[in-house]
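Data first, discussion second: the structure below is written as structure tokens.
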Amino acid sequence: MEKENKRHWETVYETKNPDQVSWTQDKPTTSLDFIHSFDLPKTARIIDVGGGDSKLVDHLLAQGYENITVLDISSKAIEKAKERLGENANKVKWIVSDIIDFKPQNTYDIWHDRAVFHFLTTKTNIERYTETANSCINGYLIIGTFSENGPLKCSGLAIKQYDESSLTKAFSEGFDKIDCLKIDHVTPFKTIQNFQFCSFKRK
């Protein structure tokens, strides 16, 4: 199944441009607002899980953040991000890995995940994710998933919807909730996807 997942996402990024996938954002305002709310120095260690071809890294670099890691299952997605960033790509640590196979070598002050966690639909994979998060985050966690009012699938794959209560419960062992909000994401196709975002602080 994990190899199938990797093949799926490599194909997506090999065959589609940013304006052809629903998750594209020119400026990930909600994510940036959460990151700024923690009031950490620009040396804070930040990991963007499933960051792939996301422009969050562009904005963080432009704002002077110095210690950014981007992880994605798709090497093609990371190649695209590196090409877009040019020389700035050398300022970022890039990791190609399925999140449920990820063995962190570092701790992180901020773990950001917009739309990876909701692809984990089995108890085992959800537990593997939360165990990894618990093991390497010593600061803050930002999670964005489809809400109970959002889509049931993304990129042809089934997802697990969350509301504030269920998302908080999923991370309750290691984290205290700070804030939650629902956000309408307008896709490049002008459709609406409702997201549940929550931020947490390490206990």
Side-chain angles (χ1 to χ4, degrees), residues 1-10 12-13 23 28 30-31 34-35 38 40 43-54 56-57 60 65 67-78 81 92-147 154-155 157-180 195-203:
M1 177 59 80
E2 288 155 35
K3 288 183 179 177
E4 287 176 18
N5 280 343
K6 182 169 176 59
R7 274 200 300 270
H8 173 88
W9 292 112
E10 295 291 14
V12 167
Y13 283 104
W23 52 86
T30 302
S31 300
F34 271 121
I35 290 168
F38 306 143
L40 293 177
T43 52
R45 297 181 301 277
I46 301 172
I47 183 168
D48 188 14
V49 174
D53 198 19
S54 160
L56 178 63
V57 64
L60 291 174
Y65 287 91
N67 205 330
I68 306 165
T69 299
V70 176
L71 177 147
D72 202 274
I73 194 172
S74 167
S75 57
K76 186 62 181 177
I78 285 176
V92 179
K93 182 177 181 183
W94 304 93
I95 299 173
V96 178
S97 175
D98 188 325
I99 189 57
I100 59 172
D101 296 325
F102 179 44
K103 301 289 187 286
Q105 303 300 308
N106 299 291
T107 57
Y108 298 98
D109 300 306
I110 301 174
W111 172 294
H112 172 269
D113 168 359
R114 174 181 176 266
V116 172
F117 185 60
H118 67 197
F119 281 108
L120 306 180
T121 57
T122 68
K123 186 171 183 283
T124 300
N125 284 348
I126 290 168
E127 286 176 353
R128 284 169 74 176
Y129 183 109
T130 56
E131 285 167 7
T132 301
N134 286 340
S135 74
C136 71
I137 300 171
N138 57 15
Y140 299 90
L141 167 67
I142 304 162
I143 296 277
T145 69
F146 285 158
S147 78
C154 181
S155 189
L157 301 177
I159 63 92
K160 181 175 172 62
Q161 296 176 324
Y162 286 89
D163 59 13
E164 179 174 342
S165 174
S166 58
L167 197 52
T168 301
K169 184 179 179 183
F171 292 94
S172 60
E173 184 179 328
F175 298 88
D176 291 320
K177 181 182 72 177
I178 301 173
D179 192 20
C180 290
F195 273 80
Q196 176 70 62
F197 270 89
C198 287
S199 61
F200 302 90
K201 190 175 193 302
R202 192 77 172 92
K203 286 184 176 178

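Quick note: numbers below take in every heavy atom, side chains included, and nothing from hydrogens, waters or symmetry partners.
- Atom OG of residue Ser75 and atom CH2 of residue Trp94 lie 12.5 Å apart, to the nearest 0.5 angstrom.
- Between Ile178 and Phe38, the closest side-chain pair of non-hydrogen atoms falls below 4.5 Å.
- In this structure, the side chain of Thr168 engages the main chain of Glu164 through a donor-acceptor pair within 3.5 Å.
- With contacts defined as side-chain heavy-atom distances shorter than 4.5 Å, the pair Tyr129/Asp113 qualifies.
- The line from OG1 of Thr124 to CD1 of Ile100 is 9.0 Å long, rounded to the nearest 0.5 Å.
- Here Lys93 contributes atom NZ and Ile47 contributes atom CD1; the two are 8.5 Å apart, rounded to the nearest 0.5 Å.
- Within the 4.5 Å cutoff, the side chain of His112 has heavy atoms near those of the Leu56 side chain.
- Judged purely by distance below 3.5 Å, without hydrogens or angles, the side chains of Thr107 and Arg45 pair a donor atom with an acceptor atom.
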Practice task
Take Asn138 and Arg202 through the side chain to side chain contact (heavy atoms under 4.5 Å, CB included) test and state the conclusion after the steps.
Solution key: CA-CA 6 Å; Asn138 57 15; Arg202 192 77 172 92; 5.5 Å; no

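- The backbone N or O of Ile159 sits nowhere less than 3.5 Å from a side-chain atom of His118 that would complete a donor-acceptor pair.
- When all heavy atoms of Ser31 and Ile142 are compared, the closest pair comes out as O-CD1, 4.3 Å.
- Ring pair Phe117/Trp111: centre-to-centre distance not below 6.0 Å.
- Cys198 places none of its side-chain heavy atoms less than 4.5 Å from the side chain of Ile143.
- Atom CZ in Phe102 sits 13.5 Å away from atom CD1 in Ile73 (nearest 0.5 Å).
- Under the 4.0 Å criterion applied to side-chain N and carboxylate O atoms, Asp53 and Lys76 are not assigned as salt-bridge partners.
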Practice task
Evaluate side chain to side chain contact (heavy atoms under 4.5 Å, CB included) for Asp48 paired with Val57, printing each intermediate quantity in order.
Solution key: CA-CA 8 Å; Asp48 188 14; Val57 64; 5.7 Å; no

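- Within a 6.0 Å sphere centred on NZ of Lys203, heavy atoms belonging to other residues, nucleotides or ligands number more than 12.
- Here the side chains of Leu60 and Ile35 are in contact, with some heavy-atom distance below 4.5 Å.
- Pairing each heavy atom of Thr132 with each of Pro104, the nearest pair is CG2-CG, 3.7 Å.
- To the nearest 0.5 Å, the span separating CG on Asn67 from CG on Leu40 amounts to 12.0 Å.
- Across all their heavy atoms, Asp72 and Ala77 have their closest contact at OD1-CB, 4.0 Å.
- Side-chain N or O atoms of Lys177 include none that pairs as donor or acceptor with a backbone N or O of Phe171 at under 3.5 Å.
- Here CZ of Phe200 is found 5.5 Å from SG of Cys180. Values are rounded to the nearest 0.5 Å.
- Cation-pi geometry between Lys201 and Tyr140 is met: under 6.0 angstrom from the ring centre, within 45 degrees of the axis.
- Proximity of Ile126 to Leu120: side-chain heavy atoms (C-beta onward) are separated by under 4.5 Å at one or more points.
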Exercise for the section: Evaluate side chain to side chain contact (heavy atoms under 4.5 Å, CB included) for Tyr162 paired with Phe146, printing each intermediate quantity in order. Expected result: CA-CA 6 Å; Tyr162 286 89; Phe146 285 158; over 6 Å; no

Exercise for the section: Would you please test Ile137 and Phe175 for side chain to side chain contact (heavy atoms under 4.5 Å, CB included) and show each step? Expected result: CA-CA 10 Å; Ile137 300 171; Phe175 298 88; 3.7 Å; yes

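- Between Asp101 and Arg128, some side-chain heavy-atom pair lies under the 4.5 Å cut-off.
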